[in-house]
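Beneath this line is the structure, given in structure tokens, with notes to follow.
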Amino acid sequence: MTPFVFQFEPLLKQKRAEETRCQRTLAQRLAKRIEIHERLRRTQSTISQSKHDMAGALTGTVNLDAISSVARYTASVTNQGHADVLVLAELEQTITHARTALTEARRHVKALEMLREKKHEQWLTEQRRIETAQLDEAATQNWIRQQREAAQADQAREAAA
């Protein structure tokens, strides 16, 4: 029996590699999103703490240098937070594109796998047909041989009689 060979196996291998690459890309972007979300959470926490610190600095003796320093720090942290939000917005778009690319890659792999399975089933059917034909031929040859032997045995009996 000849082994099954899928003519598009190299293409299937390439599409699987592309799917893996798309999975990696999406995973990296999702990890980056988690990192930015965490940074924004810390930024929000820092801003809240700075507001609390500033409120404390406004009671009793007012230290304008401390208030000014906290205000500059809070503004700096707020600006970084705004920048992170912009980066996150762009990242969300790239995540959407990465998901689309992964879906497309999966679709291509699935289509080739279905084709491979269909071709394998056709190959199995053909192999069974060939095997059945060979068994039929062998059975026919065996029957013909038995008929000849029976005819020769009958001729030998007739000749001996």
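Just so you know, these numbers come straight off a predicted model, no measurement behind them.
Sorted by first and then second residue, the salt bridge (charged side-chain N to carboxylate O under 4.0 Å, His left out) pairs involving residues 148-161 (not counting sequence neighbours) are R145-E149, D154-R157. Listed by first and then second residue, the side-chain hydrogen bond (donor to acceptor under 3.5 Å, both in side chains) pairs involving residues 81-90 are R39-D84, Q80-D84 (not counting sequence neighbours).
L91 approaches T94 most closely through the heavy-atom pair O-OG1, 2.7 Å. Closest of all the heavy-atom pairs between R116 and F4 is O-CZ, 3.9 Å. Looking at every heavy atom in both residues, R99 comes nearest to L30 through NH2-CD2, 3.8 Å. A pairwise comparison of heavy atoms in A105 and C22 identifies CB-SG, 4.2 Å as the closest pair. When every heavy atom of S50 is checked against every heavy atom of T74, the shortest pair comes out as CB-OG1, 3.0 Å.
Relative orientation of the F6 and F8 rings is perpendicular, given thresholds of 30° and 60° on the angle between their planes.
Counting heavy atoms of neighbouring residues, nucleotides and ligands inside a 6.0 Å radius, atom CD of E131 does not exceed 12 of them. Other residues, nucleotides and ligands place more than 12 heavy atoms under 6.0 Å from the CD atom of E35.
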Requested in this report: Could you walk me through whether E113 and K110 pass salt bridge (charged side-chain N to carboxylate O under 4.0 Å, His left out), step by step?
Outcome: CA-CA 5 Å; E113 286 174 343; K110 185 70 174 169; 5.1 Å; no

Requested in this report: May I have the step-by-step check of side-chain hydrogen bond (donor to acceptor under 3.5 Å, both in side chains) for Q122 and E126, ending in yes or no?
Outcome: CA-CA 6 Å; Q122 290 173 346; E126 180 63 17; over 6 Å; no

Query raised in the report: Where do K15 and R107 land on the side chain to side chain contact (heavy atoms under 4.5 Å, CB included) test, with the steps shown first?
Result: CA-CA 10 Å; K15 292 298 180 180; R107 190 178 65 76; over 6 Å; no

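When only modelled atom types and interatomic distance are considered, H97 and Q93 share no side-chain donor-acceptor pair under 3.5 Å. If you check the side chains of R29 and T25, you find no donor sitting under 3.5 Å from an acceptor. A donor atom on one side chain and an acceptor atom on the other are not found under 3.5 Å apart for Q14 and E18.
The hydrophobic cluster containing I95 also contains L102, counting ILVMFWY residues as joined when their side-chain heavy atoms lie under 4.5 angstrom apart, directly or transitively. In this structure, W123 is a member of the same hydrophobic cluster as L12, with clusters built from ILVMFWY side-chain heavy atoms closer than 4.5 Å. L26 and I36 fall within a single hydrophobic cluster, where Ile, Leu, Val, Met, Phe, Trp and Tyr side chains are chained together by heavy-atom contacts under 4.5 Å.
The distance from the CD atom of E117 to the CG atom of L124 is 10.5 Å, given to the nearest 0.5 Å. The CG atom of L11 sits 9.5 Å away from the CG atom of L115 when rounded to the nearest 0.5 Å. For the atom pair R128 CZ and T125 OG1, the distance stands at 5.5 Å (nearest 0.5 Å). The structure places CZ of R106 at 14.0 Å from NE2 of H108, a figure rounded to the nearest 0.5 Å. Interatomic distance, CG of D136 versus CZ of R129, reported as 11.0 Å (0.5 Å rounding). Taking CD1 of I47 as the reference point, atom CD of Q49 lies at 12.0 Å (rounded to 0.5 Å).
Applying the salt bridge (Lys or Arg N to Asp or Glu O under 4.0 Å) rule to R42 yields the partners E38; only residues at least two apart in sequence or on another chain are considered.
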